[in-house]
Undergrad: 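Take this structure first; my questions come after.
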Amino acid sequence: MAHSKNRATDGKITYPPGVKEISDKISKEEMVRRLKMVVKTFMDMDQDSEEEKELYLNLALHLASDFFLKHPDKDVRLLVACCLADIFRIYAPEAPYTSPDKLKDIFMFITRQLKGLEDTKSAQFNRYFYLLENIAWVKSYNICFELEDSNEIFTQLYRTLFQVINNGHNQKVHMHMVDLMSSIVCEGDSVSQELLDTVLVNLVPAHKNLNKQAYDLAKALLKRTAQAIEPYITNFFNQVLMLGKTSVSDLSEHVFDLILELYNIDSHLLLSVLPQLEFKLKSNDNDERLQVVKLLAKMFGAKDSELASQNKPLWQCYLGRFNDIHVPVRLECVKFASHCLMNHPDLAKDLTEYLKVRSHDPEEAIRHDVIVSIVTASKKDLSLVNDHLLNFVKERTLDKRWRVRKEAMMGLAQIYKKYALQAEAGKEAAKQISWIKDKLLHIYYQNSIDDRLLVERIFAQYLVPHNLETTERMKCLYYLYATLDGNAVKALNEMWKCQNMLRHNVKDLLDLIKQPKSDSYNKAVFSKVMVITRNLPDPGKTQDFVKKLAQVLEEDEKIRKQLETLVSPSCSCKQAEVCVVSTVSLHLDSACSYRHRIHQSHSFISFFSALIKQVNKSIEGTADDEDEGVPTEQAIRAGLELLKVLSFTHPVSFHSAETFESLLGCLKMDDEKVAEAALQIFKNTGNKLEESFPHIKSVLLPVLQHKAKKGSPRQAKYAIHCIHAMFSNRDTHFAQIFEPLHKSLDTDNMEQLITPLTTLGHLAMLAPEQFAAPLKSLVANFIVKDLLMNDRIPGKKTTKLWVPDDEVSPETLAKIQGLKLMVRWLLGVKNNQSKSGNSTLRMLTAILSSDGDLTEQGKIGKPDMSRLRLAAGCAILRLSQEPCYHEIITLEQYQLCALVINDECYQVRQAFAQKLHKGLCRLRLPLEYLAVFTLCAKDPVKERRAHARQCLVKNINLRREYLKQHAAVSEKLISLLPEYVVPYAIHLLVHDPDYVKVQDIEQLKDIKEALWFVLEILMAKNENNSHAFIRKMVENIKQTKDGQCPDDPKINEKLYTVCDVAMNIVISKSTTYSLESPKDPVLPARYFTQLDKNFSNTKNYLPPEMKSFFTPGKPKAANVLGAVNKPLSATGKLQTKLSRMETISNASSNSNPSSPGRSKGRLDSADVDHSENEDISMKSPSETEKPSRGRKRGAAANQDDKGQESKPKRGRKKAANTSTDDAEDQWGEDSSMAEASMETEDEQNSPPKRGRRGRPPKSAASKDETPSKGRRGRRKTAPPADEENEEEQEEEEDDEDDAGSENMEVKPKGRRGRKPSSLFYLFVIVSFLFLTLLICVILVRIWLCMCKCASADKRNTGLMINSRICYISQPSIDFYQCLKRRRWYRALVFNIGCWETIEDSPPPSKSVFFSLLNQ
């Protein structure tokens, strides 16, 4: 080698054989030719050729001259680069070039030549590849490690390779590049930040998308060098994340994108970085937390990610962000949930609780995305979600916001179609989500038209898809109807009914348009347009559409005929589609909504025969009922019920011999329900049977006559109505039934008496004149004297107040049918000329006065007495609906009937309220009966009070809407305007047997509660200055006297006192009461005397103590079902919501009706202001129930014996019962509990415990207030035995981890409970002393720490706490900045001796130290 150096010193260049001198004096072509030969020579040489190495040493030096390195020709430069690469290979491990500058120039030169790799189609590409292969194999660049400018060389090399790589390169090129770059990382002493940036920049999404091959190259390099490069990556993230030095790299703004990419490449690259993310999750910067959450969502949710199991602290910290105070952070967490559920089912348990909280989030978008996440995972695989998650979706179907409700409903519908109809996951999955169909149909009970239309759409697309074949579709409908619960069936029936009503309304509009125009024409058309508008979404815009439609129908006969076809009962689905398309072509934009509703009503007409065949298969036993999970009897019964419903809406479709023959077969079956349904179908559809199907008539008539005589009571009823509706010579047929039954009546066999009495009762109603004489005799002699006035069989001795129907004695059932017969006879006669109405009313009130035991012999059992009281009360309600009988009902009889709603038996109160509500909704019962619900304020059961509230809300809204639509009924205003219920309520409360002592505070509080029960709803909206109208009405009443007892001073004093209570309520709850009343109120003449203008009653009759009970405040309109329409959860519990984030009205923007909340003074059923969706079960500490005062019948309550006010007692106790039905089955879903609750537990009607209802216990009555022993009265209902304990429970949510962080969502707090006890104050004092001692200890320890700090040297140091390293590279102030960012000062304060571990740290000044503590 020394000899070689001597040769080199000589300066003589030796060229390979055949190669002449290479200089600038030759042409380019010749130079290229000669260089190729040189390249060939160097390629053939190896490291062992010492002589050749010595020979060509000067040539090697010559090729590295500036002449070649800076030659303008690229071919020359390429050949020279190849030579130099071989020279490094041949002379390895020591290069012939010793100058660092020359080495730098050579390697920069070679790097520049590598750019030629970019063009894979170039003729010189193979030489470029050879160059790459050579330097990669030899690792030539490793020579640069010793150079000061090595970083510049390596950085330029990396940049070049990342720039040239493209999809034209094969795997070998990729491999050599990775080998070349990895050797530099793995064998070098360090990796500079600039070099690291050159690699990492290719992972940034923007660069990644531009050059996918560069991303793959960087990915392969990082995988290859993971262990070597990891410390430098960690240092980079430490600088950016922990120290906040964003200037160290241009990639600082992409730090979170890089973390994700690096984690996907190799998770070991981030072993020391991931703990830093936990710190960043608690950053004060909202945007920073959001970025970290987005990053971790992708890392945790990746398909093969095991980060959650490997780093549980980070996972738990991430879950805490579900409760972040920043809305976008919570939103991002919720969006992540679907990916996590789909890719990591094992994490579903951790997510469930957090998704539950977020499903009640105040932000609409978050609740919406919770639904989307759960539904998305469910549609992928139902096993990915548990029942709790599906229940969250179920709850959101009653959300306040339409967008959330729609998403939840559509999501459930899609899940049902996939797993129940298409059975993609088997029968077990179908069974798991079988509740969905019921829940979706329950939503039809909502008042929003958007909800109802969406249910109709879901039914047509998902529950019974319209694109199925005819047979399959009818089979689907058949078994769907058979498996629905009772409420869902009612909702489905209501849906078809509403569609049918819409069709009839449009048909009426078409009929109106055909009529000649007159003065009343425009009013009639406008009224009909308004009715149609209410059945379409967005009534404001739809009203303009319907008006435009009416104008088009007047002008265009073609469109009118198409619409007539559309509403025709015989219109098929195809015809409906054609008509709708033609209508839409007229640019009537809302036609689509109308089409949906009309299309549904035509969906089954053309497929009706298939449905009949399906029912016949079940009857014949050839259907797949068992395979569908439906017993055959249940399927047949449901099929007949379905046909019965459709017979109301589409009677024409039943007119076929096949249908009637099938129904005849059903009449002969043993199942009573099936026969009843068949009879109803005949009644609805058989009006032309006598003419069109005489052979059916001849077979049907004997069957009907047999059912009327020997069938069940309901069968007998429908059989009589069938004969009345179907046959022309009905009088003959009625006579053939009436005579034998009349003669065979015998009280010796009560079981055989029930059906004849039912049949005779309906004959009396349908043909009263035909059997006038025998009926009067029958009622007077048999019903009253023989049946009702005699108790033949002693009842069972039991403490129960109610038993199921099958346990009621036959004698009681017969007496009930006897009462119904009397009422039906009177309703058929419709006049009181014979005074039969008076006699009947006296009989009914006698039953009520005697607690159901008319003879008062004590033979009747308590359950039978309850049944008879209910029958008598309902009978009076029935007679009150007929004007001729309403006029003769005395005020005492009216009051006694009203008291049934406070009956001791829960089922009696429930059924009576149902009948009352039904009659009021039909506008058949007079307005004074609406005041009866005022007495429900005294009901001890919350569900009963909630039901009464809903009834009031519905009736008030119904009457107000009716008045808006029928402006011509102003003369009947006193019988329709809801505000006129106030005089009736005042009169009813004045004569309340509980109101005995005029100035008694407790009794006046009851009066106030009852009045507020109705006034709260009336005053929720101040329409037309109704507050002033109510005030004026109360003032006028105070200027009159009681119409029932005008000369009784005590009664009049009660009247004025109740008026003062009402006046104080109006004044305290209204700000507009002092305005002028819009009109002068008219008082009912029966209830109050004429207004005496000369009489001025300005006296205040209330005791001074009552003033404190009238708290000012505006009544609030509250949705009946709550802000998210949550139903009552259980007896005695009311679901409400609280949230500190957002407190808003419960009224939905898309839901019309709202019910005012309960009074704040009465916590037992209060509706508390709440946010949309934070659910907390609330109860009041004053929820303990109280016993009621006695109630006396009739005039006995008004007696005053020798100036002493006696306190009558009620003759029968009210049951301590609660409804065990589910909240969703309650009254909120319109009459769903009438039958179900008749079979409640026996404990409901056990002897009641006497306790006060809803208020604190009252002191015992004074000795002079002994109960009178007059006529038997009715005692109020005692509260349920377990209600008191249930209402003392309160649900509270546990605090989440890191609840003390300022970034955590603040949990809503429950209501304040009872007053603190002495133990509580003792606990507070002890806690205060303990905290004082603790603070003293902490201050001493801080002082000791500061003393130790004072002796430490002032210089830079490293601090390790909690196994984390904070690098301090700046002056001492950086130490405090780092300390501040890491929040380690808390640990330093509370961990004595921490400063001892910082031996080289500078002593902090007091100001710096305490500033850190304060922060």
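It should be emphasised that the depicted structure is a prediction, and the values quoted were computed from it without experimental measurement.
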Undergrad: Could you tell me which residues satisfy side chain to side chain donor-acceptor pair (under 3.5 Å) with T1057, sequence neighbours excluded, listed by chain and number?
TA: none
Undergrad: Testing the basics here: between S850 and I847, what is the closest heavy-atom pair and its distance to 0.1 Å?
TA: OG-O, 3.2 Å
Undergrad: Using ring-ring contact (aromatic ring centres under 6.0 Å, His included) as the criterion, list what pairs up with Y929, not counting sequence neighbours.
TA: Y894
Undergrad: So, using side-chain contact (heavy atoms from CB on, under 4.5 Å) as the criterion, who are the partners of C884 when residues are at least two apart?
TA: E882
Undergrad: Determine the minimum heavy-atom distance between I888 and G837, stating which atoms define it.
TA: CD1-C, 3.7 Å
Undergrad: For the pair S1026 (side chain) and F1029 (backbone), establish whether a donor and an acceptor sit closer than 3.5 Å, ignoring hydrogens and angles.
TA: no
Undergrad: Can you give me every donor-acceptor pair (side chain of residues 978-988, partner residue at least two apart or in another chain, under 3.5 Å) with its distance?
TA:
{"unit_1": "E979", "atom_1": "OE2", "unit_2": "R960", "atom_2": "NH2", "d": "2.8"}
{"unit_1": "Y980", "atom_1": "OH", "unit_2": "V1082", "atom_2": "N", "d": "3.0"}
{"unit_1": "H987", "atom_1": "NE2", "unit_2": "H991", "atom_2": "NE2", "d": "3.4"}
{"unit_1": "H987", "atom_1": "NE2", "unit_2": "D1042", "atom_2": "OD1", "d": "3.1"}

Undergrad: Report yes if the side chains of L879 and L844 come closer than 4.5 Å at any heavy-atom pair, otherwise no.
TA: yes
Undergrad: For T890, which residues count as a side-chain contact (heavy atoms from CB on, under 4.5 Å) partner, sequence neighbours excluded?
TA: E892, Q893
Undergrad: Would you check if there is a donor-acceptor pair between the side chains of S1096 and T1098 at a distance under 3.5 Å?
TA: no
Undergrad: N1052: which residues meet the side chain to side chain donor-acceptor pair (under 3.5 Å) condition with it, sequence neighbours left out?
TA: none
Undergrad: What is the minimum heavy-atom distance between L854 and A846, and which atoms define it?
TA: CD1-CB, 3.6 Å
Undergrad: Nearest 0.5 angstrom please: D1060 CG to I1065 CD1, how far?
TA: 11.0 Å
Undergrad: Just to verify, what does N1064 make a side chain to side chain donor-acceptor pair (under 3.5 Å) with, not counting sequence neighbours?
TA: none
Undergrad: Mark yes or no for whether D939, through its side chain, and R944, through its backbone, hold a donor-acceptor pair below 3.5 Å.
TA: no
Undergrad: For F912, what residues pass the ring-ring contact (aromatic ring centres under 6.0 Å, His included) criterion, not counting sequence neighbours?
TA: none
Undergrad: Has Y1056 got a side-chain atom pairing as donor or acceptor with T1040's backbone, closer than 3.5 angstrom?
TA: yes
Undergrad: Who pairs with K820 by salt bridge (Lys or Arg N to Asp or Glu O under 4.0 Å), at least two apart in sequence or on another chain?
TA: none
Undergrad: Sub-3.5 Å donor-acceptor pair from the side chain of R869 to the main-chain atoms of D851, do we have one?
TA: yes
Undergrad: Could you work out, with side-chain contact (heavy atoms from CB on, under 4.5 Å) as the rule, every residue matching E1035, not counting sequence neighbours?
TA: R1031, K1032, M1063
Undergrad: Taking V996's backbone N and O only, do any of them form a donor-acceptor pair with Q1003's side chain (distance below 3.5 Å, no angle check)?
TA: yes
Undergrad: Please round to the nearest 0.5 Å and tell me the distance separating atom CD of Q907 and atom CD of Q914.
TA: 13.5 Å
Undergrad: Please name all residues satisfying side chain to side chain donor-acceptor pair (under 3.5 Å) with K1041, sequence neighbours left out, ordered by chain then number.
TA: none
Undergrad: Would you say E961 has more than 12 foreign heavy atoms packed within less than 6.0 Å of its CD?
TA: yes
Undergrad: Distance-only, no hydrogens or angles: does the T845 side chain make a donor-acceptor pair with backbone N or O of R842 under 3.5 Å?
TA: yes
Undergrad: Would you call V990 and I1007 a side-chain contact if the rule is heavy atoms closer than 4.5 Å?
TA: no
Undergrad: Suppose we screen for side-chain contact (heavy atoms from CB on, under 4.5 Å). Which residues come up paired with I1001, at least two apart in sequence or across chains?
TA: K1005, P1103, E1105, M1106, F1109
Undergrad: Sub-3.5 Å donor-acceptor pair from the side chain of R909 to the main-chain atoms of D903, do we have one?
TA: yes
Undergrad: Main chain of L826, side chain of Y885: is a donor-acceptor contact present, judged purely on distance under 3.5 Å?
TA: yes
Undergrad: Can you check whether M1019's main-chain N or O pairs, donor with acceptor, with H1027's side chain at less than 3.5 Å?
TA: yes
